[in-house]
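Below is one structure, written out as structure tokens, with a few remarks after it.
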Amino acid sequence: MHIVIWKYDIMEGKSRQDLLDAINGSAQDYQCVPGLIRKYYGMAADLKSVVEIYLWKSKADADRFFNAEWDGETSRRWESAPMTRQDFEAPVVVESEQKRLVA
């Protein structure tokens with residue numbers, strides 16, 4: 001498995017509701033994406049940054065998905081906020097509530 005974390009530095013003046021509107025407006029677009037296991041959104045307490053955390057079946061799946069079309073849509077959603085990508089290998093996932101490990 002593979003994790004990708006995108007961090008967006010949000011422009012000044014955005015409210016919590018502005019960020020929630022952007023998140024809620026895009027969440028359904030991530031249903032049934034090939035290779036995507038799970039996606040999380042996170043907002044910093046000071047509302048100056050947002051993260052999108054993706055759990056993929058493989059890095060190849062992630063790389064296929066993050067294309068020019070995705071970049072354009074994401075730039076529009078976050079108003080071209082500066083963004084950074086970090087990639088991590090995910091050798092195991094702990095599903096605490098289900099009391100299981102996924103390797």
Side-chain angles (χ1 to χ4, degrees):
M1 287 177 284
H2 188 76
I3 296 169
V4 175
I5 300 174
W6 285 97
K7 180 180 178 264
Y8 305 93
D9 297 325
I10 303 302
M11 294 185 307
E12 293 290 327
K14 295 294 180 184
S15 70
R16 178 179 170 75
Q17 190 59 52
D18 292 335
L19 300 182
L20 288 173
D21 289 347
I23 290 168
N24 291 328
S26 69
Q28 68 183 3
D29 296 341
Y30 292 92
Q31 295 176 339
C32 301
V33 172
L36 181 62
I37 298 168
R38 183 172 291 128
K39 179 182 178 183
Y40 296 94
Y41 293 90
M43 299 183 303
D46 63 6
L47 304 178
K48 291 184 179 181
S49 62
V50 170
V51 293
E52 295 179 353
I53 303 168
Y54 298 78
L55 178 61
W56 294 94
K57 289 182 180 176
S58 71
K59 184 177 186 308
D61 288 327
D63 289 342
R64 274 190 294 277
F65 182 77
F66 297 124
N67 59 24
E69 181 181 338
W70 176 88
D71 188 60
E73 178 61 26
T74 300
S75 293
R76 183 198 59 73
R77 179 182 332 122
W78 298 118
E79 299 176 2
S80 297
M83 58 192 229
T84 56
R85 175 180 170 169
Q86 289 185 290
D87 287 72
F88 302 88
E89 178 185 353
V92 68
V93 174
V94 177
E95 297 282 357
S96 179
E97 289 185 1
Q98 297 173 358
K99 299 180 184 175
R100 69 184 184 117
L101 302 178
V102 181

Legend entry - Spatial distance of atom CD1 (I3) from atom CD (Q86) [nearest 0.5 Å]: 11.0 Å
Legend entry - Heavy-atom check, side chain of K48 versus side chain of K14, under 4.5 Å: no
Inset, instruction - Anything under 30° is parallel, anything over 60° is perpendicular, the rest tilted; go ahead and classify W70 against W6. - result: tilted
Legend entry - Sub-4.5 Å side-chain heavy-atom contact between Y54 and D87: no
Inset, instruction - Just say parallel, tilted or perpendicular for the rings of F65 and W56, cut-offs at 30° and 60°. - result: tilted
Legend entry - Any donor-acceptor N or O pair under 3.5 Å, side chains S26, D29: no
Legend entry - Neighbour count above 12 (heavy atom, 6.0 Å) for Q98 CD: yes
Legend entry - Over 12 non-hydrogen atoms of neighbours within 6.0 angstrom of CD in Q28: no
Legend entry - Side-chain donor/acceptor of H2 to backbone N/O of F88, under 3.5 Å: yes
Legend entry - Atom pair CZ/CG of R85 and D63 - distance to nearest 0.5 Å: 5.0 Å
Inset, instruction - Check step by step if side-chain contact (heavy atoms from CB on, under 4.5 Å) holds for M43 and L20. - result: CA-CA 9 Å; M43 299 183 303; L20 288 173; 3.9 Å; yes
Legend entry - Side-chain donor or acceptor of D71 paired with backbone N/O of A68 under 3.5 Å: no
Inset, instruction - Kindly indicate whether the side chain of L36, heavy atoms from C-beta on, has any atom under 4.5 Å from the side chain of D61. - result: no
